[in-house]
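The sequence lines fix the lettering, A, B, ..., with proteins before strands; numbering per chain opens at 1. Remember, predicted model here, so these are calculated numbers, not experimental data.
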Protein chains: 2
Amino acid sequence: MNIGQASERSGVSAKMIRYYESVGLLPSAARRANGYRDYGDQEVAVLQFVRRTRDLGFSLEEVSSLLALWSNTRRPSREVKKLAEKHIADLEVRMAEMREVSKTLKKLAGACHGDDRPDCPILDDLSQPRTKRPAAKHAKA
Amino acid sequence: MNIGQASERSGVSAKMIRYYESVGLLPSAARRANGYRDYGDQEVAVLQFVRRTRDLGFSLEEVSSLLALWSNTRRPSREVKKLAEKHIADLEVRMAEMREVSKTLKKLAGACHGDDRPDCPILDDLSQPRTKRPAAKHAKA
DNA sequence: GTTGACCTTCCCATTGTGGGAAGGTGCAGG
DNA sequence: CCTGCACCTTCCCACAATGGGAAGGTCAAC
């Protein structure tokens, strides 16, 4: 089947399928005489796996590792679990950072009248030379 | 003072100061005869404001709006509060997505022995053609 | 006058995705 | 047979925000 069909069935855009192939996440697809990529059910299954793994927030690098484990029938489940737990820990860290920020903002927003008047504790806080805010060293969130 | 000093005092890297200027977040800095950018306490205060606002996770576009409000003494605090609340809502959405994913992964990881054996509920789940997983439509996290 | 610490601009890489151009292919209808 | 449309191909650009680093100018101290 063509890439369009594979895209539709897997939920991965054609653009992304080509990209995944180009960065080596996926093996080079078979080509037909006209140069079109050709996919079978097996390939679609892989794409679906990638899609779901991405949906769970794993990076492409992690997806790559999971794909390798998936296709290795002698993998130790330990490896898989380790990746999952690392990702969970990652999520927890980011959620904690976000929770801190959210808490701070809620407190500030709660103290702001939010009317026509210009005085605003939010801006006041942002103007503080040094804050006692939890020092979000790398608050990506 | 030079950009290095301003960077140190504001906590914004020299690289970023130049970048912020280049994208119009900050006005063009004054230049000395030798072409070096020149900063005063006022500029450093702005940089600190940007830094703290970024630390709270606002995008550069939002920082830009907040800067404008900050320097407008006749702003309605309503505007500021609105931006803060939008950002809070944003965080809540992302945290909710992450929580879902985290919950799913914890359940799966909990069911995986994590030893030398290859059988693994995590991979099994990722292989499911269609999951009942909360359909994280755009789980960026 | 040389060394070293600054500064300048410019380009590249990151992560993952989409948009779009320019051109080939293949099928259906006229 | 030709045209049009839908599909495919590759290639480049853009995003957001940041860092790395090259090539070159400047300045102060020694």
To the nearest 0.5 Å, what is the distance between [atom1] on [X] and [atom2] on [Y]?
{"X": "Leu69(B)", "Y": "Ser77(B)", "atom1": "CG", "atom2": "OG", "answer": "10.0 Å"}
{"X": "Glu97(A)", "Y": "Ser102(A)", "atom1": "CD", "atom2": "OG", "answer": "13.0 Å"}
{"X": "Leu56(B)", "Y": "Glu100(A)", "atom1": "CG", "atom2": "CD", "answer": "11.0 Å"}
{"X": "Leu83(B)", "Y": "Glu61(B)", "atom1": "CG", "atom2": "CD", "answer": "10.0 Å"}

Side chain Tyr36(A) and base dG26(C) donor-acceptor under 3.5 Å: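 No.
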
Side-chain-base donor-acceptor pair under 3.5 Å for Lys15(B) and dG21(D):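 Side chain to base: pair found, below 3.5 Å.
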
Residue whose nearest DNA chain D nucleotide is more 5′ - Ala33(B) or Ala14(A):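 On the 5' side of the pair lies Ala14(A).
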
Comparing Gln5(A) and Tyr19(B) on DNA chain D - which has the more 5′ nearest nucleotide: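 Residue closer to the 5' terminus by nearest nucleotide: Gln5(A).
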
Write down the distance between [atom1] ([X]) and [atom2] ([N]), rounded to a whole number of angstrom.
{"X": "Arg54(B)", "N": "dG19(D)", "atom1": "CZ", "atom2": "P", "answer": "10 Å"}
{"X": "Glu61(A)", "N": "dA13(C)", "atom1": "CD", "atom2": "P", "answer": "18 Å"}
{"X": "Ile3(A)", "N": "dA6(D)", "atom1": "CD1", "atom2": "P", "answer": "19 Å"}
{"X": "Met16(B)", "N": "dA16(D)", "atom1": "CE", "atom2": "C1'", "answer": "10 Å"}
{"X": "Tyr20(B)", "N": "dG19(D)", "atom1": "OH", "atom2": "P", "answer": "8 Å"}
{"X": "Arg51(A)", "N": "dG16(C)", "atom1": "CZ", "atom2": "C1'", "answer": "14 Å"}
{"X": "Leu60(B)", "N": "dA14(D)", "atom1": "CG", "atom2": "P", "answer": "18 Å"}
{"X": "Ile17(B)", "N": "dC6(C)", "atom1": "CD1", "atom2": "P", "answer": "14 Å"}

5' precedence on DNA chain C between Asn34(A) and Ser13(A) (nearest-nucleotide basis):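 Of the two residues, Ser13(A) wins.
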
Nucleotide of dA17(D), dC8(D), dC7(C) approaching Arg18(B) most closely (side-chain heavy atoms):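 Taking heavy atoms from C-beta onward, the closest nucleotide is dC7(C).
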
Listed nucleotide nearest any side-chain atom of Arg37(A), set dC10(C), dT10(D), dC7(D):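 For the Arg37(A) side chain, the nearest candidate turns out to be dT10(D).
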
Main-chain N/O of Glu62(A) paired to His87(A) side chain as donor or acceptor, under 3.5 Å: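 Here the side-chain-to-backbone pair does not exist.
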
Sugar-phosphate only, base, or nothing, as touched by Arg31(A) at under 4.0 Å among non-hydrogen atoms: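 It contacts sugar-phosphate atoms only.
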
